A.B. asks: 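My questions will all concern the structure given below.
The structure displayed is predicted, hence computed values, not measured ones.
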Amino acid sequence: VVVDGNGAVILNPAVSQEFTGTSTPSGWVQESWFGALTPQYLGGIAVFNGSHIYSTATYAPGNSIEFYARFTDGLFQNIGYSADGAFNAPWVVIGRGTGAAAGEVYARIDIGTTISLGTGLTGQYHRYKIKWNPTNFEFYVDGTLVTTITKTMASAVLQLSDYNVDGLDLSVDWIRVSPYAASGTYTSKVFDAGGFTNWSQVNWTAIQPAGTSLDIQVRTGNTSIPDGTWSAFSSVSNGGAVGNFTRYLQYRANINT
């Protein structure tokens, strides 16, 4: 599992790029569209203006990408799939092209199809996703399917690009690439009540797409390091009571897809 922010964890994707370094990460190539302009990496955010990066790996149908990004009202800001690093056709992206209206971000493909994904999207971060099926592409915003476009492609690289030098930049917090691990387990630290206590309810918040499962388990004991005197891990329901009278508690989340 990997951290998803705000204390959440998710199954580990094939690529999870957080841009935490100060240079273009391994597995990506950076280039400037004009002169010597390069991406900037600022505290976990990749910022593009007149520059782009593309993946060294290629991808095929059955893949998906998800990213947390802030588009602005500049033109030719795009994230998605392209035939090669030079952004030649065929390509399928989320972004803004010629004639893009202020505030709007679009699903775009090389044959000229442009479909708005909503108004008021620019200037703030949103979670976008492109799901690449054998005969079409699905486009999501903040977890909601907005549109599907029929198109086939054989293979592509990933492309993060802001073509124009206009002071209106494209910022990307992270990008993830499927497939995700089939299963994973997060085990918490040991919680200390400071004395014997009757442990109460277990509550959690989760997003579970179709075909996934989540099993929360709890164990308790009276030694700071779990040993043979502790109870075994046992599953609990959301809002269910632990019920044991002990000092220490530990939980784990078993996640499957």
A.B. asks: So that I know where these two stand, are Trp132 and Tyr59 an aromatic pair - ring centroids less than 6.0 Å apart?
C.D. replies: no
A.B. asks: Do Tyr140 and Glu66 meet the criterion of a side-chain donor-acceptor pair at a distance under 3.5 Å?
C.D. replies: no
A.B. asks: Should Tyr251 and Tyr186 be marked as a side chain to side chain contact (heavy atoms under 4.5 Å, CB included) after you check the CA-CA gap, both sets of side-chain angles, and the distance that decides it?
C.D. replies: CA-CA 9 Å; Tyr251 74 88; Tyr186 170 77; 3.7 Å; yes
A.B. asks: Using 0.5 Å steps for rounding, measure from the CZ atom of Arg176 to the CZ atom of Phe67.
C.D. replies: 12.5 Å
A.B. asks: Give the ring-plane orientation class for Tyr128 versus His126, where under 30° counts as parallel, over 60° as perpendicular and anything between as tilted.
C.D. replies: perpendicular
A.B. asks: Could you check whether any side-chain heavy atom of Gln77 comes within less than 4.5 Å of a side-chain heavy atom of Phe48, counting everything from C-beta outward?
C.D. replies: no
A.B. asks: Looking at NZ of Lys131 and CG of Asn63, how far apart are the two atoms once the value is rounded to the nearest 0.5 Å?
C.D. replies: 11.5 Å
A.B. asks: To the closest 0.5 Å, what do you measure between CH2 (Trp174) and OH (Tyr68)?
C.D. replies: 8.5 Å
A.B. asks: List the atom of Trp33, the atom of Ser161, and the distance in Å for their closest heavy-atom pair.
C.D. replies: NE1-OG, 2.9 Å
A.B. asks: Can you confirm whether the side chains of Trp230 and Thr246 place a donor and an acceptor under 3.5 Å from each other?
C.D. replies: no
A.B. asks: Can you name the closest pair of heavy atoms from Ala107 and Ile149 and give their distance?
C.D. replies: CB-CD1, 4.0 Å
A.B. asks: Where is the tightest heavy-atom contact between Ser82 and Gln159, given as atom of each residue plus distance?
C.D. replies: OG-NE2, 3.0 Å
A.B. asks: Would you please say whether a donor-acceptor pair under 3.5 Å links the side chains of Gln250 and Arg219?
C.D. replies: yes
A.B. asks: Nearest 0.5 Å please: distance from the CD atom of Gln17 over to the CD1 atom of Ile53.
C.D. replies: 7.5 Å
A.B. asks: Are any side-chain N or O atoms of Ser231 and backbone N or O atoms of Thr220, one a donor and one an acceptor, separated by less than 3.5 Å?
C.D. replies: yes
A.B. asks: Answer yes if the side chains of Asn133 and Glu138 hold a donor-acceptor pair under 3.5 Å, and no otherwise.
C.D. replies: yes
A.B. asks: Taking only residues at least two apart or on different chains, which pairs with a member in residues 140-164 satisfy salt bridge (Lys or Arg N to Asp or Glu O under 4.0 Å)?
C.D. replies: Asp110-Lys151
A.B. asks: Would you give the length of the straight line joining atom OG1 of Thr205 to atom CG of Asn238, rounded to the nearest 0.5 angstrom?
C.D. replies: 7.5 Å
A.B. asks: Any luck finding a side-chain donor-acceptor pair between Ser51 and Gln30 under 3.5 Å?
C.D. replies: no
A.B. asks: Can Asn78 and Tyr163 be said to form a side chain to side chain contact (heavy atoms under 4.5 Å, CB included), step by step?
C.D. replies: CA-CA 9 Å; Asn78 296 287; Tyr163 184 76; over 6 Å; no
A.B. asks: Could you tell me which non-hydrogen atom of Pro25 sits nearest to which non-hydrogen atom of Tyr41, and how far apart they are?
C.D. replies: CD-OH, 4.1 Å
A.B. asks: Taking side chain to side chain contact (heavy atoms under 4.5 Å, CB included) as the criterion, tell me which of Ile94, Asp169, Leu121 meets it with Phe71.
C.D. replies: Ile94
A.B. asks: Rounded to the nearest 0.5 Å, what separation is found between the CG atom of Asp173 and the CD atom of Glu18?
C.D. replies: 7.0 Å
